[in-house]
Amino acid sequence: MSSILLIPIAPLSRTKSRLRDCFSKELLKELTISMFRDLANKVVNVDCFDQKVVYCNSGEILDLAEEYGLVGIKEDLTVPRKSFDEVIRDINNIAIEEFNAKETIFTFLDVILISERNFIEVSNLMKKNQLVVCPAIHSAGISIFGRKPPDILPTHFSDPNVPSFVALLKDAQERNLKFTIYDSFRAGFDIDIKQDLVLAHEYFKIFNLIETEMYKFLKNNLKLTLQKRNKRNNRDFKIIKTH
């Protein structure tokens, strides 16, 4: 069976737009490259996939993919922009047509705590299921998912009303697919907003990931910290600037 790991990455010019009030455009580019290097260092050490494919329009990312021994495929940008579901569909079809994929597993750049073990566990779960999906920690989104066969059901990232994790599971249930939810904090933690960055900085230290490129980036460039508003409430934080 041909199992293909797929890594879609937005162009560097569009990366992490929600964090523009934290970092300059140049630093956001550096952040993206740091995340990519960390992810590449993990996936190159995992041998449960027949191919590992990076899908991006930016030449710098594709050059780095080649440097790490990953397959780089250039995304053709369109006007108007494709929805994320369309991007997922396109790279999924490439995996089927060019690599004879029997199953595809998607992971994303901002799942910064994900480990080699997480990839192996998801791969093992794919042997017994048609769909494996890991929910994002801070939302009803998706951090990593696999489908067998790759086109067994569509994704729902662009649904205007229903979160992607909820919509995907509802669709899988309606199709009577065999699926499982992969429950993992490290695989489910992603960075999307300012608070995630501050938490990530602490989690890197807690999990002893201080040699990662992303930790070094945050240590050098993140000038924020979290402070509880109420000593009895761990959910109510304010973000304050540090010097």
Side-chain angles (χ1 to χ4, degrees), residues 3-10 12 14-19 22 28 30-46 48-49 52-56 61 64-65 68 70 84-85 87-88 91-92 104-126 131-147 155-157 163-165 168-169 180-218 222:
S3 177
I4 311 297
L5 179 68
L6 301 174
I7 308 170
I9 300 175
L12 288 174
R14 300 179 190 169
T15 186
K16 287 297 168 189
S17 57
R18 294 183 189 178
L19 300 177
C22 301
L28 284 175
E30 187 178 326
L31 175 144
T32 301
I33 291 173
S34 296
M35 289 192 293
F36 181 76
R37 286 189 178 277
D38 286 340
L39 181 59
N41 275 320
K42 295 167 189 173
V43 301
V44 295
N45 291 320
V46 175
C48 52
F49 306 112
K52 303 149 188 176
V53 179
V54 175
Y55 189 59
C56 186
I61 293 295
L64 280 173
Y68 282 94
L70 308 177
F84 192 46
D85 282 324
V87 173
I88 293 291
I91 184 176
N92 199 62
T104 52
I105 295 88
F106 280 81
T107 192
F108 305 111
L109 197 60
D110 60 356
V111 188
I112 58 174
L113 300 179
I114 199 167
S115 68
E116 295 168 19
R117 178 178 175 181
N118 291 138
F119 288 115
I120 293 168
E121 289 175 345
V122 168
S123 178
N124 288 336
L125 288 171
M126 287 299 300
L131 172 70
V132 176
V133 58
C134 178
I137 293 294
H138 299 306
S139 67
I142 294 169
S143 65
I144 184 170
F145 71 100
R147 294 176 291 182
T155 56
H156 300 273
F157 290 102
S164 54
F165 177 70
L168 187 68
L169 287 192
T180 190
I181 297 169
Y182 179 57
D183 182 10
S184 168
F185 174 81
R186 286 188 57 167
F189 181 85
D190 61 355
I191 58 167
D192 196 36
I193 58 175
K194 192 182 297 184
Q195 179 174 312
D196 300 334
L197 291 171
V198 185
L199 290 172
H201 190 215
E202 297 304 320
Y203 290 143
F204 275 124
K205 291 182 281 187
I206 290 168
F207 289 112
N208 194 28
L209 299 172
I210 59 175
E211 297 302 318
T212 60
E213 295 298 318
M214 186 61 180
Y215 174 76
K216 295 172 186 175
F217 173 87
L218 293 176
L222 185 66

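These values consider heavy atoms only, across backbone and side chains, with no hydrogens, waters or symmetry-generated copies. This is a predicted model, so every value here is computed, not measured.
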Rounded at 0.5 Å granularity, tell me how far CG in Leu39 sits from CE in Met214.
12.0 Å
Can you tell me how far the NZ atom of Lys194 sits from the CG atom of Leu199, to the nearest 0.5 Å?
13.5 Å
Would you call Val122 and Phe119 a side-chain contact if the rule is heavy atoms closer than 4.5 Å?
no
Taken to the nearest 0.5 Å, the spacing of Thr212 OG1 from Lys42 NZ works out to 7.5 Å
Could you tell me how the ring of Phe108 sits relative to the ring of Phe84: parallel (under 30°), tilted (30 to 60°) or perpendicular (over 60°)?
tilted
Partners passing salt bridge (charged side-chain N to carboxylate O under 4.0 Å, His left out) against Lys205 (at least two apart in sequence or in another chain)
Glu202
Is it the case that the side chain of Ser143 and the backbone of Cys134 share a donor-acceptor pair, with hydrogens and angles ignored and the cut-off at 3.5 Å?
yes
Any side-chain heavy-atom pair from Phe189 and Ile114 closer than 4.5 angstrom?
no
Hey, does Met35 have a side-chain heavy atom less than 4.5 Å from the side chain of Ile191?
yes
Under a 3.5 Å distance rule, please check whether Thr107 uses its side chain to pair with a backbone N or O of Ile144 as donor and acceptor.
no
Rounding to 0.5 Å, atoms CD1 (Ile9) and CG (Leu109) come to a distance of 4.5 Å
Value for CD1 (Ile120) from CZ (Phe49), rounded to nearest 0.5 Å, stands at 8.5 Å
Ser34 side chain to Glu30 main-chain N or O, any donor-acceptor pair under 3.5 Å?
yes
Atom pair SG (Cys56) and CG (Leu12), whose distance is rounded to the nearest 0.5 Å
6.0 Å
Return each pair, listed once, that meets side chain to side chain donor-acceptor pair (under 3.5 Å) where at least one residue sits in residues 183-192; pairs must be two or more places apart or across chains.
Arg18-Asp192, Asn118-Ser184
Is there a donor-acceptor pair closer than 3.5 Å between any side-chain N or O of Asn41 and the backbone N or O of Asp38?
no
Taking C-beta and beyond as the side chain, do Ile181 and Phe165 meet within less than 4.5 Å on heavy atoms?
yes
For Phe157, is there any backbone N or O sitting under 3.5 Å from a side-chain donor or acceptor partner on Thr155?
no
